[in-house]
K.L.:
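Quick one: the structure is below, questions incoming.
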Protein chains: 2
Amino acid sequence: MASDHTRTAILAAAERLYADRGFGDVTLRDIVAEANVNLAAVNYHFGSKDELIAELFVTRSIATNRERLRELKAAEEQGGGRAPIEMILHALVGPTLRGCLGPENQRSSAARFMIRASIESVPPIRRIKNREIDHLRKFAGAMRRSLPDRSDVDIYWGLNFALAMAHHTIRESERLTKLSEGKCDLDDVEDVVARVVSVATIALTAGRMETKAPSRVAAR
Amino acid sequence: MASDHTRTAILAAAERLYADRGFGDVTLRDIVAEANVNLAAVNYHFGSKDELIAELFVTRSIATNRERLRELKAAEEQGGGRAPIEMILHALVGPTLRGCLGPENQRSSAARFMIRASIESVPPIRRIKNREIDHLRKFAGAMRRSLPDRSDVDIYWGLNFALAMAHHTIRESERLTKLSEGKCDLDDVEDVVARVVSVATIALTAGRMETKAPSRVAAR
DNA sequence: GATAGTTTCATACAACTGTTTGAATTGCAA
DNA sequence: TTGCAATTCAAACAGTTGTATGAAACTATC
């Protein structure tokens, strides 16, 4: 048991600094100063700066994905293999939104870090995100089982739009607050989740299926 | 008339390089090499690297915003001050999507640059984007006129979701193609626009207004 | 064709980056 | 206590970055 004190201190300091100031202008020297450890400690314990960032991201990312799958599995079991589409979407976007939004003053540095990670896009994180496709396929599968009459294309577009609304709301939460002059309450996370799920559900169930006519919703 | 040759060459080279390799690993030396000009030319003509990036972005950004407002104005005039919501949304997301998507081989470097700008987020660009709020307010206003019965909150959320779907689709176009194994055709830009507009329209018009019941769109 | 203003150029600068090194220190087992 | 490995440390390294400088080469005007 090497006490791990240094490792832990570096992780905590890095998470906090990246969350507050972004990846762009936080150097290893900033991190080790904040953590009160020697500069060489980062390379000794993590190998490189990128591996440090990667470890921060995967740790948090794994937690979110586990929670997503837990909710999905519960929903499918409850429905006997076929979960209602709203519950699937809820499992998809709920954990992410809950992990990043909420009252600012009580937002964990882990949450703020994940917001950063979704705004700035640095190589080590991008690499990890690219491996997320397999994870998303599980949701695509569940959605297909839930809506067997929908075409694959519609399923994927629905999945894409659901993620779009969730991630964009996180990324641009500040702007939305400013634009709406505070009228859109991003601290009420469950309301945000409900809105995203609601719209994504309509997108996946309304129109187009019954009427064969494709993508002609309100043309002139 | 200083012939402007050097200036133009720098802009073109920078746009191409940033588009292809991202802001992260393109240096001034790469740019001047590609443009066949002297290193000092960038600072001479643009002042700094950041101002060069800013100029690239605003040029393109102004063009998009002008097109957006042109479409919006046309729609409102045609409707006597009240444009149908689909046309407003079309004006909002159409120019952006058309400017960034489309067949890859014939995608302009300007388009690829704007994709980069929406993926990576570098300080000079972020600063410009923050000034975009006034522009968005014009759309919020038009939407309010179009849907006078909707609450402001719903309007802003609708606007947010419309932008979300458009931008996320641009940002993650590669992943969506891979995830859907090519089934989602991102080269058919008008279809993408139609899908985004369609979903955003439903989000803004369905449920909640007529039926007082909030966010209960397709419960079981 | 001399002159004044603009533009180009090679080069140097100063700062900062992540990483490495090898010696010093620590902690633990024998 | 001795010995050995794990850890810490100060220092330097090697490279890159954007920017500044001052002379040289142009260009257009008179």
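Each chain gets a letter, A, B and so on, in the order its sequence line appears, and its residues count up from 1.
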K.L.:
For the pair made of CG in A:L39 and C1' in C:dG18, what is the distance, rounded to whole Å?
P.N.:
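Taking atom C1' of C:dG18 as the reference, CG of A:L39 is at 8 Å.
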
K.L.:
Look at the aromatic rings of B:Y18 and B:F23 and report parallel, tilted or perpendicular, splitting at 30° and 60°.
P.N.:
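If you compare the ring of B:Y18 with that of B:F23, the planes turn out tilted.
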
K.L.:
At a heavy-atom distance below 4.0 Å, what parts of residues 20-35 of chain B sit against DNA chain D?
P.N.:
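Those residues are B:T27, B:L28, B:R29.
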
K.L.:
Do you know which two heavy atoms are closest between A:T169 and B:F161, and how far apart they sit?
P.N.:
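Residues A:T169 and B:F161, closest heavy atoms: OG1-CE2, 3.8 Å.
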
K.L.:
Provide the full list of salt bridge (Lys or Arg N to Asp or Glu O under 4.0 Å) pairs with a residue in residues 100-113 of chain B, sequence neighbours left out, each pair given once.
P.N.:
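Of all non-adjacent pairs touching residues 100-113 of chain B, those that pass salt bridge (Lys or Arg N to Asp or Glu O under 4.0 Å) are B:D20-B:R112.
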
K.L.:
Measure from CG on A:N43 to P on D:dC13 and round the result to the nearest Å.
P.N.:
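So the CG-P distance, A:N43 to D:dC13, works out to 17 Å.
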
K.L.:
Would you kindly give the CZ-to-P distance between A:R7 and D:dT7, to the nearest whole Å?
P.N.:
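In whole Å, D:dT7 P lies 11 Å from A:R7 CZ.
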
K.L.:
Do any side-chain nitrogens or oxygens of A:N38 fall under 4.0 Å of OP1 or OP2 in D:dA10?
P.N.:
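For D:dA10, OP1/OP2 do have a side-chain N/O of A:N38 under 4.0 Å.
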
K.L.:
Between the side chains of B:E15 and B:S109, does any donor sit under 3.5 Å from an acceptor?
P.N.:
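Side chains of B:E15 and B:S109: pair found under 3.5 Å.
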
K.L.:
Could you grab the distance from atom OG of A:S180 to atom CD1 of B:I133, nearest 0.5 Å is fine?
P.N.:
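So the gap between those two atoms works out to 9.5 Å.
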
K.L.:
Salt bridge check, A:E76 against A:R145: does any charged N sit closer than 4.0 Å to a carboxylate O?
P.N.:
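A salt bridge links A:R145 with A:E76.
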
K.L.:
Using only side-chain N and O atoms of A:H45, determine if any of them is under 4.0 Å from OP1 or OP2 of D:dA6.
P.N.:
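It does not, given that no N or O in the side chain of A:H45 lies less than 4.0 Å from OP1 or OP2 of D:dA6.
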
K.L.:
With distance as the sole test, does B:R150 use its side chain to make a donor-acceptor pair with the main-chain N or O of B:I155 at under 3.5 Å?
P.N.:
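Such a contact is absent between B:R150 side chain and B:I155 backbone.
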
K.L.:
Considering only side-chain heavy atoms of B:Y44, which listed nucleotide, C:dT19, D:dT19, C:dT8, is closest?
P.N.:
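For the B:Y44 side chain, the nearest candidate turns out to be C:dT8.
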
K.L.:
At a cut-off of 3.5 Å, list every protein nitrogen or oxygen paired with a nitrogen or oxygen from nucleotides 21-27 of chain C, distance to 0.1 Å.
P.N.:
none

K.L.:
At less than 4.0 Å, is any side-chain N or O atom of A:T6 found next to OP1 or OP2 of D:dT7? Yes or no.
P.N.:
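No, because none of the side-chain N or O atoms of A:T6 sits under 4.0 Å from OP1 or OP2 of D:dT7.
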
K.L.:
Rounded to the nearest 0.5 Å, how far does CG of A:D154 lie from OH of A:Y156?
P.N.:
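Here the rounded value is 12.0 Å.
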
